[in-house]
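Values reported hereafter were calculated over all heavy atoms of this structure, with side chains retained and with hydrogens, waters and symmetry mates removed.
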Amino acid sequence: MRTSEKPTNRPGVNAERQSPAGALSGPASRKLPVPPRERRPALAALALLLILGGALATTLLVLRSGDRVTAIQIVQQVGTGQRIPQTAMREVQIADTGIDYVAYADRVRVSENYARVTLLPGTLLTGKMVVSSSAELGPGKAQVGLALKPGQLPSTLLQGDRVQVIHVSGRGEGTSTQSRVLAQAALVHSVGTSGRNGVSGQVTIIVDATVSPTIAAYASNGEIALAELPGAR
């Protein structure tokens, strides 16, 4: 009688036969060696230079922002063609940005010159804003002092403003009042002020010498009024 052979189920037996087709076993199942990455010293050096350059630029900006210079700031309005008084200047510390600001040490020299444009309070003075001579006070011009009453001049009038000089006639000559402009855009050279009431009525204007006698004559009779021209500087 033939005895049938039973399949052997012991672990480890016929392991190679039981492995699926195509699977690697033994040493072949290990990972293949990976070649080392290629080193690029040029790129590493470039990256290092960029980092160092950025750090240096940041340092220079920080140091540069700490550089301070003294400059002149205008604290009261100075009209075009007017001499710049020292009382209109004060010292301020600003960052050195390379702009041609006038140093506060030059304030005496600046006070001997004139404003090329109207200088408003808060302006930082530059060399291009100053001229050595004034066309407003040159030949053919005259300064006329006026003593005006309330209603004959704006209460907000300031030195450096432009005004129309108006002859107001017809007082006591009928019901209608006639007027005409004697100076279209006269420069206000100075304004007298009082502590409580603001403008006191004492105003000096610069006009053409040809009309200054007429303006002075009418002003003595109380027939002059000033109209401010805010847009004319």
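In the hydrophobic clustering of this structure, Leu125 does not group with Val75; members are Ile, Leu, Val, Met, Phe, Trp, Tyr whose side-chain heavy atoms approach within less than 4.5 Å, directly or through other members. The same ILVMFWY cluster, assembled from side-chain heavy atoms under 4.5 Å apart, contains both Leu153 and Leu182.
Nearest heavy atom pair, residue Glu228 against residue Thr156, reads OE1-OG1, 3.4 Å. Scanning all heavy atoms of the two residues, the minimum distance from Val102 to Asp106 falls at CG1-CB, 4.1 Å. Of all heavy-atom pairs spanning Ile166 and Ser179, the tightest one is CG2-CB, 3.9 Å. Minimum heavy-atom separation, Val165 to Ala186: CG2-CB, 3.9 Å. The heavy-atom pair separating Gln159 from Gln76 by the smallest distance is OE1-NE2, 3.9 Å.
Listed by chain and residue number, nothing satisfies the side chain to side chain contact (heavy atoms under 4.5 Å, CB included) test with Pro213 (two or more places apart in sequence, or in another chain). Scanning for salt bridge (charged side-chain N to carboxylate O under 4.0 Å, His left out) contacts around Arg90 gives an empty result, with sequence neighbours left out. Shown here are the side chain to side chain contact (heavy atoms under 4.5 Å, CB included) partners of Ala217, two or more places apart in sequence or in another chain: there are none. With sequence neighbours excluded, the residues satisfying side chain to side chain contact (heavy atoms under 4.5 Å, CB included) with Arg116 are Val131. In this structure, Asn113 has no side chain to side chain donor-acceptor pair (under 3.5 Å) partners at least two apart in sequence or on a different chain. Residues meeting the side chain to side chain donor-acceptor pair (under 3.5 Å) test with Thr123, sequence neighbours left out: none. Partners of Leu146 under the side chain to side chain contact (heavy atoms under 4.5 Å, CB included) rule, at least two apart in sequence or in another chain, are Val144, Leu148, Ile205, Ile215, Ala219, Ile224, Leu226. With sequence neighbours left out, Ser111 forms a side chain to side chain donor-acceptor pair (under 3.5 Å) with no residue at all.
Chaining together hydrophobic side chains whose heavy atoms lie under 4.5 Å apart places Ile99 alongside Val69, Val92, Ile94, Tyr101, Leu124.
Atom OG of residue Ser190 and atom CD of residue Gln143 lie 7.5 Å apart, to the nearest 0.5 angstrom. Residue Asp208 holds its CG atom at 12.0 Å from CD of Gln184, rounded to the nearest 0.5 Å. Here the straight-line distance linking atom CZ of Arg162 with atom CG of Leu229 works out to 9.5 Å at 0.5 Å rounding. The structure places CZ of Arg107 at 9.0 Å from OG1 of Thr70, a figure rounded to the nearest 0.5 Å. Taken to the nearest 0.5 Å, the CD1 atom of Ile84 stands 8.0 Å off from the CD1 atom of Ile72. A distance of 10.0 Å separates CG in Leu158 from CG in Leu120, rounded to the nearest 0.5 Å.
A salt bridge does not link Asp100 to Lys128: none of the charged nitrogens lies less than 4.0 Å from a carboxylate oxygen.
Counting only residues at least two apart or in different chains, ring-ring contact (aromatic ring centres under 6.0 Å, His included) contacts with residues 103-128 are absent. Within the structure, ring-ring contact (aromatic ring centres under 6.0 Å, His included) pairs that include any residue of residues 121-169 comprise His167-Tyr218 (at least two apart or interchain). Evaluation of the salt bridge (charged side-chain N to carboxylate O under 4.0 Å, His left out) test over residues 150-159, restricted to residues two or more places apart or in two chains, returns none.
The closest side-chain heavy-atom distance from Gln82 to Leu119 is not below 4.5 Å. Counting only heavy atoms from C-beta outward, the side chains of Asp161 and Pro230 never approach each other to under 4.5 Å.
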For this session: Kindly indicate, with the supporting measurements, whether the criterion side chain to side chain contact (heavy atoms under 4.5 Å, CB included) is fulfilled by Val207 and Lys141.
Result: CA-CA 6 Å; Val207 296; Lys141 298 290 185 177; over 6 Å; no
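The backbone N or O of Ala142 sits nowhere less than 3.5 Å from a side-chain atom of Ser212 that would complete a donor-acceptor pair. The backbone N or O of Gly222 sits less than 3.5 Å from a side-chain atom of Gln152, completing a donor-acceptor pair.
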